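Data block below; observations after.
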Amino acid sequence: MTPAWFIQSLLNGLSIGSVYAVFALGYTLVFSILGIINFAHGAVFTLGAYLTYALAVGSFGLNGLLAGVSLPFTLPFFPALLLGGFLAGLAGMAVERLAFRPLRRRGADALLALVSSLGVALILVNLIQYLAGAEIYAFPADVFGGLPPAVIFRVAGKPVAVRTAQIILFAVSLIMLAGLMWAISRTRAGKALRAVAENTDTAALLGINVNLFILGTFFLSGVLGGMAGTLIGTSYGISGPYFGVAYGLKGLAVIVLGGLGSIPGAVLGGLVIGLGEAFLPADMSSWKEAVPFVLLFAVLLIRPQGLLGERMEQKV
Amino acid sequence: MDVFFSSYGFLLAMVVQQALLGLSVYYPLLAGQLSLASIGFYSLGGYVAAIMGTHPALAALRESLGFWMFPLEWLCALVLSIILGLAVGLPVLRLRGIYLALATIAFAQVVNVTVLNMPIAGGAVGIFAIPQAFDSRLAYLFFFGPLLVLALAVAFRLERIGPGRVILSIREDELAAAAMGVPTTYYKVLPFVWGCALAGVTGAMSAPFLNTWNARQGTFDASVACLAYVLIGGARSPWGPVFGAALLVSLPEVLRPLRDSRMILNGVVLVLACVYLPRGIVGAFSSLSRRMRGVKEAAS
Amino acid sequence: MRRTLFAVLCLLLAVPALAEPVKSPIPIGIAVAQTSNVALFGEEQVNGAKIAEKYFNGQGGVNGTPIVLVFQDTAGDEAGAVNAFQNLINRDNVVAIVGPTLSQQAFAADPLADKAGVPVVGPSNTAKGIPQIGPFVGRISAPMTQVAPHSVSEALRINPKIKKVAVLYAQNDAFSSSETTTFQQAVKDLGLEIATLQKFQTTDTDFTTQVTAVLGEDVGLVIISGLAADSGNLVKQLRQLGYQGLIVGGNGLNSPNMFPVCGALCEGIMVAQAYSSSTVDANPVNKAFVEAFTAAYKKAPAQFSAQSFTAVQVVVEALRKAEKDSGKKITAMDLAAARAELNKALRTGSYLTPVGEISITPEGEVDQKSFYVSKVKMNSDGKTGEFVLVTQ
Amino acid sequence: MSAILSAEKITRSFGGLLALSDVSLEVGEGELVGLIGPNGAGKTTFFNVLTGLTRPDAGQVRLCGQDITGLRPDRIAALGLARTFQNIRLFGNMSLLDNVLVAGQVHARCGLMAGLVGLPSGRREERTARTRAIELLSLVGLADHALAPAGSLSYGDRRRLEIARALALGPKVLLLDEPAAGMNPAEKQGLAEFILGIKKAFGLAVLLIEHHVPLVMGICDRVAVLDFGQLLAVGRPEDIRKDRAVISAYLGGTA
């Protein structure tokens, strides 16, 4: 274990971990309000990446219904990222209207929302394939303008390399995390959010329009998911409509590891899993996919409520 | 009729096979425990059968046992599932609700990665050319059918006997059940392990059924599909997973004429089923029949 | 009540199973993945097959009788492949099936076709053991055991100073994990040292762990077996992090799908190919195929498209041959006889296809005459590129 | 009078808040003890400690002389300590009969297999259990609804079903947590008589949490008063009525 390897792994882990955190926060927000996991979050992640791609590049490839159709304009990367995130937020709202609200209104078994959100995920993913094909899409190399692809420096004689995409990933994620934390702790809406999370009925009595609020939360969750998708997509390419599935699952591990419903927990969980993956020795790389779940399993056995989750006292 | 069975024989057997997986999720749900570990056990059971069926070291044993090799494979899968089920269930069932579900998903994922890393499991290609028990895939109903009958019989029988009521009481109110002298850990682990065993044996039967076995059998999608069978079918009756599997397994086939948009509609049906059949197919049937009876009584 | 309902349902769905004649146009089944995450390959196969349908019908089909392709989606799993096959065999009454996409699916579905006496031509199944499934199962996709050494020795010719080699492969991909053993053998046979052996997953996007390990070993050659997306990312990150040496890719990297992923950094990757779109001068079929494909899809065809075209071509030519040999029109035969005649014809003679001259052995294995080693040449836009032949 | 249930110096706090502090209380054989105190005094916590749902920080609980501190709730229940809950915890989707049968399962001798296969011994046991359950339901006047789901009962009936369920355990001591809550005076009177009746019929010791002071004073042999986790006084009702500390803290003007 050389110092260079340590620093390299640390940088890699922090960068990917911060995106995990952004993505997982989308899960957490919904969970803290409805107590339900939104299985369509991974699909919104994918959708966000596709939307940003469409905005930044202007067209899709040769398969699918949109083959040959191109947008009359293209946007530079950062506006595209923001607009793509906004549109993904709208998709998040659609998920709420389609999969969650009808069930809530009918007072159905909460578990059923897992299945209906899965149904929406199925629709979204296959719709993407129907429209844009199953092809791989990658953002053009000059997506960030004239920046070099990587910066290399030396530690104790060994090279440590940081890719520009990684830095942007990390920076954007940090800004989003910081902004969200600030909004939740300081703004009126943030306080209301916490009130609804605490108790939906009380919040309704306090004059908060709960339905509207839930819709807003889904919007925010969609923005987070969609932007995380774009960030991962710019760094590694969009590997087709099933792009988000693996991340969706990993995101679940992140939020449970951190403690369900805990916002700092989601951030911590993301970083722990990102670092866990990065520090896995190279000759064990075939076990990488197991890292989040082994960590999750271990933490749950020691702390059933997750790292930062609150212990639920049974009320008698 | 011939064409029907030759075209849809596999599908029929598949429905029964998936219904078994649905039931393996249904059992722990009886005690209110949402476990998605089944698919991990299904995958492992399949590997047990696939390895026993193809490994050269066991050629002599296969030779001498003939058809009895299959029951031996089931037995081995059963024993492995029970041991592992206990090892996983005891610590994991302390968790509640969604935590439990996610811990069991984690378990299935870890199984998947582990299997990929075990040379005996054949890496990503998996194991193929697994000896067949029957000529026709439909005939595998002779494997799955009796197991389904057994699984259903146990489920219905449980509704009528003491231990079954005790299991249900945990779903209703775990704390009150404990205060009524119910050893809750035992009665949570019991249906969990039974579900694991069912999934394991189903896997062992499925390896020859599919003729090939690989790590992709144990994916997250498959886990969630099992849960969907139960919830769409109805979580309050053992028929639920059966009807749920019948609907969800045959749906993509029914939608085949739609070609590449069929999976979109599949998703739409899933959402609609959740919204309009909140108590599942069985729940909708029973309230319908209740209403019809009500109409009849009112008329007479 | 329930039982009668079931019986009625069965009767309604049942179609009388008499000795069926072969329909005209002659139906050929295409069972590839049109949904699920395998659709990435399935789509290319669909594209190639569609070109073939048009091309051969333009030539008059099977001695005047047109063909029609019947597509059935296998999705990405074994059950999907079985269902697609059942439909093609029993309902669509096809004379032969081209498919499925994955080897694992082939192991599940091919035995059914074999039992039903329907010839199967695997367009992309390369795993060991597939032709051995039965007498009706064959393939036109070569297992890459012969070609891998070529690309490695070609690399050694370019840079004779190579001593240490890094080998990386996608552990969860059936094809890549068997291909890498061939590569490793080739490396040893050439007297080179495998300095590091790294695994990754096809779903991976972040390869820094592997890349760091490679950079630490100071190797002169990196050999990658993976699929287009993951390998493209791997190459991109290798280059971005400063790897300067040669890169040899396996068959999975033989796809223009990789170009958008690693962009300009794809430049110089050497791949062993079962198909090359730049053999148009020597190969009129390939010329026609590449032209038709490029006109339809605005890009050069990749291997999966070429192979599905080839599979359809092989079936069509074998049908023609079967008519000639038996002296009867295919459409005059009953279905079972037509399938049997076709299977026999498939395994005789050779075919000049976009992948070069091939024949199918009596066992069902493909015998491909030539393989190609190409080098990636990227265009100045950094998004598109082509494979330029190094040797032939 | 020998103590059948005794709690010694029970202390329990929740995150710095002292819910119980050094509480000691004994219940004698066949005795009916009332536990009163204002809301949040720690009465239910005390019950939870006795029944094993909450672990005490310090102190000891004995049942028939046996130390049961820290045992699992189901062990404690099986040893003969039954309870009802302040906010009624029935198995709502199960029938009345099944509710009672669940508690009776403690006494089952035949295993799961015997039941599944339908062995004669299992069937015999099931029959006896049913008979006994029906008897208990008749005792609380609910036998007519035996097959209805518990969730469909009226509030008062639920209370009575919960008592029947607790009795099915065959307890030595019965802990009743505010059984009269939400009842009108006539119902309360009926309940008081009912409690005395079952106490006598089953030879039970009863510990009763109740807000309605007249009811407690009317039927209890002894009364304990809890306030802010402290035991203020224990004694016969007439003594408690006169206890200064109790009057000032709790009874106030009603004495």
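Since the structure is predicted, the reported quantities are computational estimates derived from the model, not experimental observations. Just so it is clear: chains get the letters A, B, ... in the order the sequence lines come, proteins before strands, and each one is counted from 1.
No part of A:L124 comes within reach of chain B, as not one of its non-hydrogen atoms sits under 4.5 angstrom from that chain. Interface remark: B:L29 contributes side-chain atoms only to the contact with chain A (heavy atom separation under 4.5 Å). Heavy atoms closer than 4.5 Å to chain B are found in both the backbone and the side chain of A:L111. If you measure heavy-atom distances from B:L100 to chain A, you find no contacts under 4.5 Å at all. Residue B:L102 touches chain A through both its backbone and its side chain, counting heavy-atom pairs closer than 4.5 Å. Within the 4.5 angstrom heavy-atom criterion, atoms from both the backbone and the side chain of A:L300 approach chain B.
Two rings, from A:F100 and A:F218, have their centers less than 6.0 Å apart.
Judged by distance alone, the side chain of A:S221 and the main-chain N or O of A:G26 form a donor-acceptor pair under 3.5 Å. With hydrogens and angles ignored, the 3.5 Å screen pairs no side-chain donor or acceptor of A:E277 with any backbone N or O of A:G13. Side chain of A:H41 to backbone of A:F23: a donor-acceptor contact under 3.5 angstrom is found. At distances below 3.5 Å, at least one donor-acceptor pair connects side-chain atoms of B:T104 with backbone N or O atoms of B:L36. In this structure, B:Y27 contributes its side chain and B:A155 its backbone to a donor-acceptor pair below 3.5 Å.
No other option in A:L260, A:L301, A:L122, A:V291 has as many heavy-atom pairs under 4.5 Å with chain B as A:L260. Contacts with chain A were tallied for B:L95, B:V110, B:N117; B:N117 has the most, counting heavy-atom pairs under 4.5 Å. In terms of non-hydrogen atom pairs under 4.5 Å with chain A, the most contact-rich of B:V113, B:I98, B:L265 is B:V113. With chain B as partner, the option from A:L296, A:L249, A:L127 having the largest number of non-hydrogen pairs under 4.5 angstrom is A:L249. When B:I105, B:V230, B:V268 are compared by the number of non-hydrogen pairs under 4.5 Å with chain A, B:V268 comes out ahead. Note on A:F39, A:F31, A:W287, A:F297: by heavy-atom pairs under 4.5 Å with chain B, the leading option is A:W287. Chosen from B:N266, B:V275, B:L270, B:L34, the residue pairing most often with chain A at heavy-atom distances under 4.5 Å is B:V275.
The pair B:R94-B:E174 does not count as a salt bridge, with every side-chain nitrogen at least 4.0 angstrom from each carboxylate oxygen.
In this structure, the separation between CD1 on B:I51 and CH2 on B:W213 is 12.0 Å, given to the nearest 0.5 Å.
The shortest heavy-atom contact between A:A43 and A:V125 is CB-CG2, 4.1 Å.
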